[in-house]
Every structure is written in C-alpha cells, then in structure tokens.
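This report concerns only the one structure given below.
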Amino acid sequence: MMLSFFDQFMSPTYLGIPLIALALSLPWVLYPKPTPRWLNNRLITLQGWFINRFTQQIFQPLSLGGHKWAALLASLMLFLITLNMLGLLPYTFTPTTQLSLNMAFAVPLWLATVIIGMRNQPTHALGHLLPEGTPTLLMPVLIIIETISLFIRPLALGVRLTANLTAGHLLIQLIATAAFVLLPLMPTVAILTAVLLFLLTLLEVAVAMIQAYVFVLLLSLYLQENV
Amino acid sequence: MLSRLVFVSGIVVHASRCLHTSSQSLAPVPPLPEKGGKVRHGFIPEELFQLLYPKTGVTGPYMLGAGLLLYMLSKEIYVINHETFAAASIGAVIIYGVKKFGPSVGAFADKLNEEKVAKAQEVKDVAMSSLVQATEDEKKEQWRVEGRAMLFDAKRNNVAMLLETNYRERLHMVTNEVKRRLDYQIALQDLNRRLEQEHMINWVEKSVISSITPQQEKESIAKCITDLKVLAKATQAKATA
C-alpha cells in the first residue's frame, strides 16, 4: 500500500514520451504576455502588479550589481509558485517534488553567487566565513563550521523545497485515503477526517506559496552577501 | 506560420495586408472588450446554454452535465478513490477563495487602472486649467492696457493743472508787486500835495494875521460888543414875551 502512495511522484511517461516536459511548460502557458496597450484587463494588470511588487520587495536591500538578477529571480518565483499551486489539483504531477529539479535550480544559482563573490570581492566573500566578534580561540573551529554551512546551502535549498512539497502531497493522499476508506465503515469519523483534509489543504496552499518565496528569498540573500 | 503559408502558396500579397515586418501594430487598433466572455458557474461558457436552448430549453445543459457525470461514474471511466476526496477538498478551498476574495481582487485591479487613468487625466486637467488661467490673465492685461490711456490722460490733466496753478500764482504775485509800487507813488503824491496845502494855509493865515492892524482890531471888538448887547436885549424880550 505504501509503495502506491509514491507512484504520484514518479516522473510520468506515456508511450515512452516524458510528460514532465509538458508539466514544466504548463506555467508558461498560463501567464499571458504583457500587451503593448496602456490599460489592460484585470488578469494582466494583476500579473504586472504582482511581479512589480515582488521584484521591488526582493531587490530593495540589494545593491545595483544584484539587480541584474531581477529577471531571473522573478521568473523563478513565478515558475515555482505556479508549479506548486498547480500540483495541489487532483491527478496532477508536481515537478518540484523531484529532487533532481530542485537541485538543478539550487546548485547552479548558489554556485553562481559564490563565484561572483569570489571573483569580484574575494576578501569580503571570504570574510563571511568568520562572523564578527568571535573569540580568538574559537576562530579555526568556526571557520570550518561556516565553510560546511556554506556548502550545505544548495543542498538545503533543494531538499527544503522537495521535502516540503513531497510531505504535503503524501499527507493529502494519506488523509484522503483514510477518509475514503472510513466512509462506508464509520461515516462520522470520515467526516472528521474530511474536515482535517480541508484544513490540511489550506495549509498546503500556504506552504506552496511560502516555499517558493523562501527559495527565491534565500537566493537573493546569498546574492546580497556576495555582490 | 501564416506568413510561411502565404509565401509557399505564392499568392500575391496586397500592400495593405503587410506581413509582420515590425512589432508595431497598424493604428487604429480595435478596442479590447471591456469584460471577459460570460460564464455560468464560473467555468461553463454561456454560449453552450444558448446553443442548447432551442432544442432542450433551460434544463438542457444541466441534464447533459448530469448525464455525462453519471455515465463516467457508472461505467467506471472515472473511478472514485482517495483523490476524489482530495479533489473535493481543494475544490472547496478554491471556490471559497474565489467567492470571498474574487470581487475585492477585481476591484483592486480596476482601481490600479483607474489610478493610471486618473494620473493622466490630472496632467491633462492641470494643463488645461493653467492654459485657461493664462488666457484670463492675458485678457486682464489687455483690459489694463486699455485703462492705461485713461491713466495717462488723468496724469496729463494733473500736470496741466499744476502748471496753470503755478502760472496764476506768479501772475497774482506780479500784480501785487506792481500795485504796491503804484500805491507807493500815489501815497507819495498825496503827501506832497498835503504838505503844499498846509504850507499854503499857514502862509495865508500868517499874511492875514499880519495884515490885521490894531485899529481894525479895536473897531471889530467894539462892533462885536454892540452886537452882543442888541442880541441880549432881543432874547430878553423874547423870554418875557
């Protein structure tokens, strides 16, 4: 029974065609292109407003060198939040549950920030390895610890997103199965479980949006350190 | 893609139907519809209901939907499993969200557009009002210029009056001075005449007095005494009578 619960996370193929490409291109289809018109309909107005606000929020603490990343991080945010939210629909596949996808986002972007820091301001970037005000005796230990924490970052980024989404989806499946199985046996308990499922779905919606935001926010923080 | 088809088929393309040579659209661009297509229950287009109305009336599309649903359930084309519950749950969340926050989000989007229009309108209004104000100021200035001629006339009158007054004052002064001088001459002449007169009177008196002899004086005194006696007698007689 447990194995079939993980079937939802298998990369879907149909007659040998990997459908994950379709799943990955779905967000692109859902956002209309900004028009050359001055006044738009509600959808495009809201879309433009959201992207503006988000970009302003993320890039306000960054210096001008970091603003080059605006298009990348804004599009990454839209992509992740759309994939997460679409995954909550029934019978859908969420690409962000795949560790491979999340690591493919986290490692190159993190590595880019580190390399930018090392190239442009190596002393300042290396200085992050030692927090201010540490006692002299602790310095070697702390440097080792900070280096480990630096290299853990891409791992943490990818695994955080994967784990949150996978766990959420699994919970939804489990509780839905419980409600489904209990319905003919103990209808009242089934109703309670359904209520629990409703609350869980609310939580999952929040988690979907927050996880995408946290991913992008952490990347912007790493960029802020190094730019 | 359409351009490729046209090219391949070799049809002559009129100059008015240009291929996409630039990203600019040819004006005038047709206006966008104000609202989206009408939908019933949030996702079924109204056109379906209109399509089925002549044949099946009002309940037609609903019967179609129910029939399709029952067909899929009974033939187990759609199997009810745990995902159905998950679908029901997320459906409830979505419907709740749309019903609760839909109008406010729509109003917010409309407000964003309204603010854009209002800003542009304000620029236009400010420009127009400033131009109107400038026109009125110009008219006022023109009216002021008309009044300036009157101002100049008044000033000219003032100056003329001042000059006139000054001239009259000087004339008056001249008259007074001349009269003073002439009065002096007259007074001088009067004085002369009086002196001459007095001198002549004195001389005549002196000569008369010197010409009176003592003999004449005694005769005149005696005559006076007899006259007085006569007069006294006459009055006495008048008093007793």
Would you say [X] has more than 12 foreign heavy atoms packed within less than 6.0 Å of its [atom1]?
{"X": "B:Glu114", "atom1": "CD", "answer": "no"}
{"X": "B:Trp143", "atom1": "CH2", "answer": "no"}
{"X": "B:His199", "atom1": "NE2", "answer": "no"}
{"X": "A:Lys68", "atom1": "NZ", "answer": "no"}
{"X": "B:Glu122", "atom1": "CD", "answer": "no"}

Under 4.5 Å from a heavy atom of chain B, the part of A:Leu183 involved: side chain
Atom pair [atom1] ([X]) and [atom2] ([Y]), whose distance is rounded to the nearest 0.5 Å:
{"X": "A:Trp49", "Y": "B:Lys111", "atom1": "CH2", "atom2": "NZ", "value": "10.0 Å"}
{"X": "A:Tyr91", "Y": "B:Tyr78", "atom1": "OH", "atom2": "OH", "value": "3.5 Å"}
{"X": "A:Leu199", "Y": "B:Ser89", "atom1": "CG", "atom2": "OG", "value": "8.5 Å"}
{"X": "A:Asn40", "Y": "B:Leu112", "atom1": "CG", "atom2": "CG", "value": "11.0 Å"}

Closest non-hydrogen atom pair, B:Ala87 against A:Pro90: CB-CG, 3.4 Å
Within-4.5 Å side-chain heavy-atom neighbours: B:Phe108 and A:Thr45: no
A:Ile175 side chain near B:Phe85 side chain, heavy-atom distance below 4.5 Å: no
Portion of B:Ile80 that has a non-hydrogen atom of chain A nearer than 4.5 angstrom: both
